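Here the structure is laid out as structure tokens; the discussion comes afterwards.
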Amino acid sequence: MNTPAVALTGHLRREARTERVFRVATLASALLVLLLLAGVICTLIEGSWPALKVFKWSFVTGERWNPVTDVYGALTPLYGTIVTSVIALVIAVPLSFGIAVFLTEICPLWLRGPVSTAIELLASVPSIVYGIWGLFVLAPILQHSVQPWLIDHVGSLPVVGALFQGPPFGIGLLTAGIVLAIMVLPFVTSVMREVFRMTPVALKEAAYGLGATQWNVVWDVVLPWSRTGVIGGIMLGLGRALGETMAVTFVIGNAHRISASLLAPSTTISAAIANEFAEAVGDLYTSALFALGLLLFVLTFAVIAAARFMLLRLERGAVKRK
Amino acid sequence: MSIRSIRFTALAAILGLAAASGVASAVDISGAGATFPYPVYAKWAEAYKAKTGDGLNYQSIGSGGGIKQIKAATVTFGASDKPLEAKDLNDSGLVQWPMVIGGVVPVVNVPGVKAGTLQLDGPTLASIYMGEISKWNDARIKALNPKVALPNLAIAPVYRSDGSGTNFLFTNYLSTVSPAFKSKVGANTSVEWPTGIGAKGNEGVANMTAQTSGAIGYVEYAYAKQNAMAYVRLKNSAGKYVSPEAAAFQAAAANADWEKADGFFLILTDQPGAASWPITGASFIIMHREPKDAAAALAALRFFAWAYKDGVDLAKQLDYVPLPEKVVKLVEKTWTASIKSGGKPVWQGK
């Protein structure tokens with residue numbers, strides 16, 4: 001029979017063992033992610049090596065993508081990826097800001113639940129459904145009503161006009177950007193809502209006490225306080241927009257051509273891979289598609305790095321002001 | 001129920017499932033490749049399994065993937081819409097043959113033009129897809145259609161954006177009939193289109209064409225037929241205008257000179273014969289000359305032989321065109337001559 005003291009040491013020993021196992025398990029999980037990431041990078045580099053060896057920098061700067069003559073340049077997909085993502089953010093960020101402010105500051109309590117749930121539901125719609133909706137519902141509306149108007153009224157203006165010229169196909173860069181905007185909206189909104197909600201009530205009440213309007217409070221108190229989180233949310237949306245495949249493939253028009261007009265068909269990196277990988281015959285062709293994947297990886301990495309850098313500078317600025 | 005008894009039940013269930021599937025699948029034939037013939041292969045597999053108990057596991061991952069998998073010998077057979085060249089076959093120790101026939105049909109959306117009223121020839125179609133003919137009332141289209149009232153409307157060419165056998169057949173045809181198209185665009189599962197918009201899949205092309213006034217697109221025959229689309233009559237190499245019908249595809253396959261085609265490398269576009277539809281193509285099966293697993297190879301060949309003979313009606317139901325009988329005979333001869341295990345032919349007539 002054990003004495004209480006012995007039982008206690010046994011218990012402590014068991015606890016210590018659990019603690020060790022727990023630490024090792026968490027470390028292993030973290031390492032696994034790093035390992036996977038390294039694996040992905042290695043596969044992408046290995047797969048894209050033949051194409052990169054042949055085309056070198058012209059793979060990034062070349063506009064031609066011709067599987068018949070085996071000439072591959074990724075400038076068009078790169079351009080399409082960036083332009084559609086920018087359109088998506090230009091539309092989604094102000095909307096998300098509005099929704100998040102409304103939900104945290106203005107919305108009556110009884111409406112908060114339904115609106116929040118609706119937004120979260122938007123996030124759970126599969127991307128293929130957005131694609132089909134974009135092609136069958138949104139594209140005809142744009143083609144018959146919105147785009148003709150844009151071409152007639154905006155297309156003739158100097159500078160901006162160049163963005164809205166050409167025949168109204170209904171699908172193209174603009175349509176893809178709009179569908180992407182709807183897709184990233186719930187992500188950006190959720191993050192913004194959470195960080196706005198975390199603003200200390202005392203700060204806001206102090207501002208109201210000084211006679212600030214709702215606009216003053218949001219713009220001068222809530223937003224500066226939650227700046228880091230807001231940028232994080234936007235970057236999350238941007239990451240999603242850059243990589244989105246299925247929905248974009250349906251509505252972008254899939255043409256390896258760069259045109260100034262936002263109404264023209266184009267393609268994105270992920271759409272090109274999704275379209276062509278299954279039937280890509282030939283080593284150089286497959287390798288060029290791998291290289292597209294690598295390019296998207298680098299692009300996403302650059303976006304994350306830029307976001308980090310921006311946040312770092314913001315923090316430094318904040319410290320200096322203090 | 002205690003945890004232990006739940007565990008026991010689960011274990012028993014898993015064992016039971018394993019045993020059941022072990023009994024049901026006497027032989028499992030595995031194949032991978034082209035998406036175009038997938039519906040008919042799946043239908044055949046279902047009927048064949050009901051009859052013989054042998055199952056077919058076909059992954060429609062695309063022709064490129066099918067070729068890769070058969071070269072790596074991870075499947076019993078590969079399937080491709082684009083035949084491999086004889087040299088490539090010999091280098092990899094492979095043999096190929098046509099399994100089922102399909103065709104590509106141009107469809108239009110021009111106000112006042114109904115199915116089958118518009119007539120085009122190959123060079124004109126190529127000029128449209130190169131952007132050289134940009135209006136429906138162009139003199140070159142009018143010359144082929146003296147009786148049709150053609151509007152002064154811009155042509156919007158729609159193409160398949162996803163790499164596909166349909167693209168390959170269509171561009172192969174245009175390259176065959178138009179030297180300009182051959183040098184500027186060429187033939188492949190994806191090409192660099194000089195004009196137009198790309199839509200994904202048959203459904204994307206069909207929808208884009210239906211939505212855009214003045215559009216022209218091209219889809220698989222089965223798709224055009226099932227959706228009653230406004231097809232175009234095409235001029236074949238004999239100078240006759242034909243409509244896309246099962247008989248016209250079969251005529252193209254029957255008139256083709258299979259015997260002279262090395263390794264069945266034959267693309268059925270622009271074939272001779274007054275009744276031949278010009279954009280016809282076969283979907284191919286690829287196997288190893290010396291299969292690692294002779295039993296699986298034999299099971300696969302039995303399945304194909306059954307499909308040629310008893311699968312005709314099923315194929316027709318899905319608007320695929322069965323291979324003409326004389327070509328089937330040639331294929332079976334090739335099996336005996338080419339697929340061997342230990343020096344003996346795997347296929348001996350059954």
Side-chain angles (χ1 to χ4, degrees), chain A residues 63-73 76 128 131-132 134-144 166-172 175 245-257 259 263-267 271-283 285-286 288-289, chain B residues 33-36 59-68 80-82 84 88 134 154-168 171-172 175 181-201 203-205 207-208 210-215:
Chain A
E63 204 186 318
R64 301 209 65 181
W65 182 272
N66 192 333
V68 180
T69 51
D70 260 346
V71 174
Y72 304 100
T76 313
I128 185 104
I132 293 172
L135 180 65
F136 287 93
V137 182
L138 184 66
I141 296 175
L142 289 174
Q143 186 178 18
H144 297 302
F169 283 126
I171 61 179
T175 316
T245 310
M246 227 48 221
V248 173
T249 309
F250 271 86
V251 294
I252 193 150
N254 304 297
H256 280 280
R257 293 190 294 273
S259 7
L263 309 182
S266 185
T267 189
I273 298 175
N275 268 321
E276 298 175 31
F277 199 78
E279 297 283 339
V281 184
D283 292 337
Y285 193 6
T286 335
L289 289 167
Chain B
T35 45
F36 156 71
Q59 307 158 25
S60 62
I61 54 171
S63 300
I67 293 169
K68 271 179 214 128
S80 173
D81 288 335
K82 187 178 164 181
L84 291 178
D88 196 2
S134 56
I155 303 178
V158 181
Y159 56 84
R160 272 282 284 271
S161 63
D162 46 330
S164 58
T166 309
N167 270 346
F168 173 68
T171 53
N172 177 277
S175 297
F181 191 89
K182 189 174 184 178
S183 66
K184 277 194 195 140
V185 185
N188 206 334
T189 50
S190 294
V191 298
E192 191 178 27
W193 295 101
T195 181
I197 38 174
K200 190 166 163 35
E203 64 288 349
V205 173
N207 178 66
M208 204 58 224
Q211 264 174 27
T212 312
S213 186

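Since we're looking at a predicted model, the values are computed, not measured. Chain letters run A, B, ... following the sequence lines, proteins first and then strands; every chain starts at 1. These numbers come from the heavy atoms of this one structure, side chains and all, not from hydrogens, waters or symmetry mates.
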Is the shortest heavy-atom distance from the side chain of B/D162 to the side chain of A/E276 under 4.5 Å? no

CH2 (B/W193) and CZ (A/R257) are apart, to the nearest 0.5 Å, by 11.0 Å

Please report the interatomic distance CD(B/E192) to OG1(A/T76), rounded to the nearest 0.5 Å. 8.5 Å

Ignoring hydrogens, what is the shortest heavy-atom contact between A/P67 and B/N188? Give both atom names and the distance. O-ND2, 3.1 Å

Whatever's closer than 4.5 Å to a heavy atom in chain B on A/Q143 counts as side chain

If I measure from the heavy atoms of chain B, does A/T286 come under 4.5 Å with its side chain, its backbone, both, or neither? side chain

Please look at B/V185 and chain A and tell me whether the side chain, the backbone, both or neither of the residue comes under 4.5 angstrom of a heavy atom of that chain. backbone

Proximal component of B/T195, with respect to chain A [non-hydrogen, under 4.5 Å]: backbone

Contacting moiety of B/F168, where chain A heavy atoms sit under 4.5 Å: neither

A/N254 and B/G198: which non-hydrogen atoms are nearest, and at how many Å? ND2-O, 3.5 Å

pair B/S190-A/Y285: side-chain heavy atoms closer than 4.5 Å: yes

Rounded to the nearest 0.5 Å, the NZ atom of B/K184 sits from the CG atom of A/N66 at a distance of 13.5 Å

Distance in Å, B/M208 CE paired with A/I171 CD1, rounded so as to fall on 0.5 Å steps: 4.0 Å

About how many Å separate CD of B/Q211 and NE2 of A/H144, when rounded to the nearest 0.5 Å? 6.0 Å

Of all of A/F250, A/F169, A/F277, which one pairs up most often with chain B through heavy atoms under 4.5 Å apart? A/F169

From A/I132 CD1 over to B/N207 CG, what is the distance, rounded to the nearest 0.5 angstrom? 10.5 Å

Most contacts with chain A, counted as non-hydrogen pairs under 4.5 angstrom, among B/G33, B/G204, B/G201, B/G62: B/G62

A/D70, CG: over 12 other non-hydrogen atoms inside 6.0 angstrom: yes

Less than 4.5 Å to any heavy atom of chain A: does that hold for the side chain of B/A187, its backbone, both, or neither? backbone

What one should report as the nearest heavy-atom pair of A/P265 and B/G196 is CG-O, 4.0 Å

